[in-house]
Peer 1: 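Please see the structure below; I have some questions.
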Amino acid sequence: MSKAVRLDKFLADAGKGTRSEVKKYIQKGLVQINSQTVKKPEQKVTEEDRVELLGEPVSRAPEFVYYLLNKPAGYVSATEDRYDRTVMELITEPRKGMFPVGRLDKDTEGLLLITDDGALAHDLLSPARHVEKTYFVRVEGAITEEDRQKLEQGIDIGEKRLTLPAKVQLFPRDGSDMENSELLRRVRTENLPESYTELLLTISEGKFHQVKRMMAAVGKPVIYLKRLSMGPLTLPDQLKKGEYRPLTAEEVQKLKNAGCSSTGK
Ligand code: URA
């Protein structure tokens, strides 16, 4: 038996107007349930019912929404903030209860999931799940073999334990890595210091400022940071900074599997 909701709530959730607007439509006789005109906003609707407004079928609002945002620098990952613009201001179809899943720093760019599915967010952020996140990182100075080994084995960032082993892929300075050439073209935009290194860093934790603290622990401050993937989700090439798109049903399913598995794949 599906859950019954009030007709006015059903219509408002489906985006047909505010609660008071849809109440007026109902009272004016513009709404039908299973071809019967209904004038009571409190009338209950179940999944089996066919609802029409002005003769047009009204689809039930999805239970949750999932957006993949390409976060630009300059926005904080919060639902509200007294001083800064928040990532929620980039969402042109906001829904009550939506929030960013985890946090990217104000100056970090890239993949950020926005949803109102609290249970999924909780699973994805749970330290026990080890959902992998890959970052494009640009640091000042040259990363040595010793630095790489420390990052790969686990490093002291001032927590009780060393970080979990990370995956490190250094980019050659001549841009000869064909597989990632498109990525390099899109991120190499700023004035670069004389000595810098670019790498992909994959971590399976989410400690506060983790990437910056890991790189600081090898003495190489981060000068640019962009998240490219989270579990099975990858930042789409065509999604410009500040743009977002809904996840496909398949992506949502993969994400749910990632929240329940240990690798995110
Ligand atoms: N690690 C950081 O240091 N900053 C971010 O925004 C994300 C991961």
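Every number for a ligand or one of its atoms is a count from 1 in the order of the listing.
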Peer 1: Check this for me, if you would: do Lys106 and Asp81 make a salt bridge, where the nitrogen-to-carboxylate-oxygen distance has to be below 4.0 angstrom?
Peer 2: no
Peer 1: Per the side chain to side chain donor-acceptor pair (under 3.5 Å) rule, which among Gln210, Lys207, Arg213 passes with Glu159?
Peer 2: Arg213
Peer 1: Does any donor atom in the side chain of Asp123 or Ser126 lie under 3.5 Å from an acceptor atom in the other side chain?
Peer 2: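 Ser126 and Asp123 do not have a side-chain donor-acceptor pair below 3.5 Å.
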Peer 1: Dump all N/O pairs between ligand 1 and the protein below 3.5 Å as a table: atom names plus distance, one pair per row.
Peer 2:
| residue | atom | partner | partner atom | Å |
| --- | --- | --- | --- | --- |
| ligand 1 | 1 (N) | Val211 | N | 3.1 |
| ligand 1 | 3 (O) | His209 | O | 3.2 |
| ligand 1 | 3 (O) | Val211 | N | 3.3 |
| ligand 1 | 3 (O) | Lys212 | N | 3.0 |
| ligand 1 | 4 (N) | Asp105 | OD2 | 2.7 |
| ligand 1 | 6 (O) | Asp105 | N | 2.7 |
| ligand 1 | 6 (O) | Asp105 | OD2 | 3.4 |
| ligand 1 | 6 (O) | Thr108 | OG1 | 2.8 |

Peer 1: Can you list, pair by pair, the side-chain donor-acceptor contacts under 3.5 Å of residues 22-34, counting residues two or more places apart and other chains?
Peer 2:
| residue | atom | partner | partner atom | Å |
| --- | --- | --- | --- | --- |
| Gln32 | NE2 | Thr37 | OG1 | 3.4 |
| Asn34 | OD1 | Arg50 | N | 2.7 |
| Asn34 | ND2 | Asp49 | OD1 | 2.9 |

Peer 1: Report the residue from Leu200, Leu199, Val222, Ile203 that forms a side chain to side chain contact (heavy atoms under 4.5 Å, CB included) with Tyr135.
Peer 2: Ile203
Peer 1: Testing Thr115, Ile114, Val65, Leu68 one by one against Leu247 for a side chain to side chain contact (heavy atoms under 4.5 Å, CB included), which residue passes?
Peer 2: Leu68
